Amino acid sequence: MNEETAPKNFTENSVEFSTLQETLATHFKWFHSHPELGLHEWETTARIRDILMDAGVKILDTGLETGLVARIGGSGTVVALRCDIDALPIAEATNLEYASKNGCMHACGHDFHLTSMLGAASLLKQRESRLMGAVKLVFQPAEESVNGAVSVLASGALDDVAEIYGLHTTPDMPVSMIGVSSGAVYAAVGSFAIRIHGKSGHAAHPDECRDPIVALSQIIGAAQTIVSRRTSPFDPAVLSFTHVEAGNTWNIIPEEAFAEGTIRVGGKERLNAIMERLKRVCKGVEEICGARIDFHCELNAPAVNNDSELAEFVKRTAQELGFKTGPSRPTMGGEDFAFYQERIRGVFWNIGVASPEPAHNPRFIANPAALSTAAALLSAIAEKSLKRLSSVE
Ligand SMILES: [Zn+2]
Ligand SMILES: [Zn+2]
């Protein structure tokens, strides 16, 4: 660890910290070279379990098939730290000596998140007798498909948790810089699918058909006005068609057309309003074109919405440790951490890893030098929030 990344108030223990950094870097390289997709994180889970058990950390019986929840501390108030553990179906194109070779890749930094949590577990375990309550450490499966958080919540493992904190790497922030903001920091994410049932026939006789391609193109065209003409320019919103299918040759008007896509906005209510507008566009085109149109939409994840008091607490804690802080990078990406925040007060913060390429890119690299910073901040947040909550009671 160099001086810039070493936490200030741990300098007296710098030997301990450089050992932690070295251990974490070794773990990180193993996890990076063994990525697994959501709900298939078998080896990853087994390795996390082994490392925690070696450190004497208790693993809870949650019934989760992959991922796990551990607990450190005694009775009383409970707070949670959460990381995700799944990878992406991307063939890695970095030149790292520990690059993945199995066709999947930790291109979103989840290997970094889980390794920092192992570091936090080790630090919290050393201070277990001083904790004013308990910390639950959530190693969550399947974040990329945004349904892992729902299964962790359904297990009941977090029913007694008062506050929850999670982290995500930010590629374009300097190593170890902490980003934290209050309010919506990740978008509410919705998806939609449109199927048009027309009437097929000879392309020379369109009047005898109900052309689903023309209907679909009218929907796609009209949908572009929902954000540009019907949404305030002060409220960011995205509506993207991402997949279109219809027909298979040049002289037949097909029977069906299909399209799907996504909507991203700062809150669930606005997402519902945009979905409703898109549904009305489909209704209108159905009327004009005489083809039957099925419209399906769903909320994939609400917005990550940080509690303002707790965001301030995270910022202060990071500054007390000597880390540089700034606002989170706003993103229209989604995060299923939002599901926890619907039930538990919490904050999702960022840590800089100075990657040469963005997340979900085959050349994404999270700089492991920030691992002990992340571990130190996670453990300090847990310990201090327990202290604050106990003094309130
Ligand atoms: Zn991701
Ligand atoms: Zn991610």
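First listed ligand is number 1; within each ligand, the first listed atom is number 1. Computed from a predicted structure; not experimentally measured.
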Aromatic plane relationship, Tyr98 with His32 - under 30° parallel, 30 to 60° tilted, over 60° perpendicular: perpendicular
State whether the number of non-hydrogen atoms from other residues, nucleotides or ligands found under 6.0 Å of Asp50 atom CG is greater than 12. yes
Quick check: does Glu144 put an N/O/S atom under 2.8 Å from the Zn ion (ligand 1)? yes
Tell me whether Cys108 has at least one N, O or S atom under 2.8 Å from the Zn ion (ligand 1). yes
Angle between ring planes, His106 versus His110, binned at 30° and 60°: parallel, tilted or perpendicular? tilted
Residue His113, metal the Zn ion (ligand 2), N/O/S under 2.8 Å: no
Salt-bridged, Asp54 to Arg49, with N to O below 4.0 Å? no
